Amino acid sequence: MLKDAAAAMIYKATGNLRAIRILLGHTKIENTVRYLGVDIEDALELAEHAEI
């Protein structure tokens, strides 16, 4: 599993929330949003536009 700091660094560098969700093994994007502590509306918008 990906460590907290690595997940946060990858998210900051890429903004790809869906990729972080997969790397962390989360089934729901909401769990990843909560895990990273980002604003849910911004995160969900990013996730909709991200390609993986």
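Fair warning: this is a prediction, and the values are worked out from it, not measured in the lab. For reference, positions follow the sequence shown, starting with 1.
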Fill in the blank from the handout: In short, Arg21 meets Lys28 closest at the heavy-atom pair CD-C, 3.8 Å

Completion exercise
Separation between CG (Leu17) and CD1 (Ile10), nearest 0.5 Å, reads 12.5 Å

Practice task
Please say which of Leu23, Asn16, Ile20 ends up in a side chain to side chain contact (heavy atoms under 4.5 Å, CB included) with Tyr11.
Solution key: Ile20

